[in-house]
Amino acid sequence: MDMRDDVLEVLVSAEEIQKRTAELGEEIGRDYGDRNPLLICVLRGAVVFLSDLMRSIPVHVMVDFMGVSSYGGTNMDSSGVIKITRDVDTNIAHHDVIIVEDIVDTGLTMKALVDLLNTRGPSSIAICTFLSKPQRRKVDVDIRYCGFEVPNKFVIGYGLDYDENYRNLPFVGVLKPEVYEKRKEEKG
Ligand code: 5GP
C-alpha cells in the first residue's frame, strides 16, 4: 500500500522545500557568521527539516536535540503545558541558540520552550520553524526564520506525523478525511 494514496492535497512540494531550506541556511550563515550557534532540534517532527537545513548552513554550527510533548494535548491539539521527554546534553549558557521546530501552531509549545531555555542563560535564542499557522496563534511568538506559512489545516509529511506515520513523505500535504475515520475505527 502506497501512503501517498492517503494524501488529499500537496501544500508544499519537495522542490519548494529544497529551495526554501537552502535559502534559510544561507540566511542563517550570513546572520551568525563565526558565532558558532547551537541548533536545538525539537524531536521528533523537526528531524527531517534539521537534516536538510544544517547541510545548507555554510558556517560552523553545533547540534543538540530536545524531546517535547504537550501535557494532556492530543495529536491534533496542544495544551500549552510542556513535558521535556529528552533534554539537551549541552550547557546552553552563553551560547547563541537556534530552536529548530517543525511547526508553530497556537504558539503555546514554543513559548513554553523559549521561557524554559531562557532560564539557562543563553546569549540569544532565535526560532527557526519549518511551518507556521498564523491563523491559529494564541500567544505571540517571535519567529526569526520561517519556511512556509500554511492555512489552518492539519498537515503531514516532511517530519510531521499523523499518529506517528507519514513523517517520511518528502512533501507537506493534507490527508483524506477517510484516513482519520479508518484510524479511529481501527483503534476502537
Ligand atoms: P502549538 O503548541 O504551537 O499549538 O503546537 C505545536 C506542536 O503541535 C507542533 O510541534 C506539532 O507537534 C503539533 N502540530 C500542530 N499543528 C500540526 C499539524 O498541522 N500537523 C502535525 N502533524 N502536527 C501539528
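When reading the values below, keep in mind they use all heavy atoms of this one structure, side chains included, and skip hydrogens, waters and symmetry mates. Since we're looking at a predicted model, the values are computed, not measured. When a ligand or atom number is given, it counts from 1 through the structure's own listing order.
For Arg136, no heavy-atom contact with ligand 1 is shorter than 4.0 Å.
In terms of polar-atom proximity, defined here as any N/O pair under 3.5 Å, Ile156 makes no such contact with ligand 1. By the 3.5 Å distance cut-off applied to N or O atoms, Phe154 is not counted among the residues near ligand 1.
Rounded to the nearest 0.5 Å, atoms CZ (Arg183) and OH (Tyr162) are 6.0 Å apart. Atoms CD1 and CD, on Ile143 and Glu149 in that order, are 8.0 Å from each other to the nearest 0.5 Å.
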Q | ring pair (Phe, Tyr, Trp, His ring centres under 6.0 Å) between Phe130 and Tyr158, worked out | A | CA-CA 9 Å; Phe130 173 52; Tyr158 198 72; 4.6 Å; yes
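Of the listed residues (Asn152, Asp102, Leu113), the one carrying the non-hydrogen atom nearest atom 12 (O) of ligand 1 is Asp102. When the options Glu101, Lys133, Arg167 are ranked by their closest heavy atom to atom 17 (C) of ligand 1, first place goes to Lys133.
For Gly45, the closest heavy-atom approach to ligand 1 does not fall below 4.0 Å.
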Distance-only donor-acceptor pairs under 3.5 Å for side chains of residues 108-115, two or more places apart:
residue, atom, partner, partner atom, Å
Lys111, NZ, Asp115, OD2, 2.8

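The aromatic rings of Tyr145 and Tyr32 sit tilted relative to each other, their planes meeting at an angle between 30° and 60°.
Near Lys153, with a cut-off below 4.0 Å to any heavy atom, the atoms of ligand 1 are 19 (O). Those atoms of ligand 1 that come under 4.0 Å of a heavy atom in Thr106, given as number and element, are 1 (P), 2 (O), 3 (O), 4 (O). With ligand atoms numbered from 1 in the order given, ligand 1 contributes 21 (C), 22 (N) to contacts under 4.0 Å with heavy atoms of Asp161.
For Asp52, the salt bridge (Lys or Arg N to Asp or Glu O under 4.0 Å) criterion is met by Arg55, not counting sequence neighbours.
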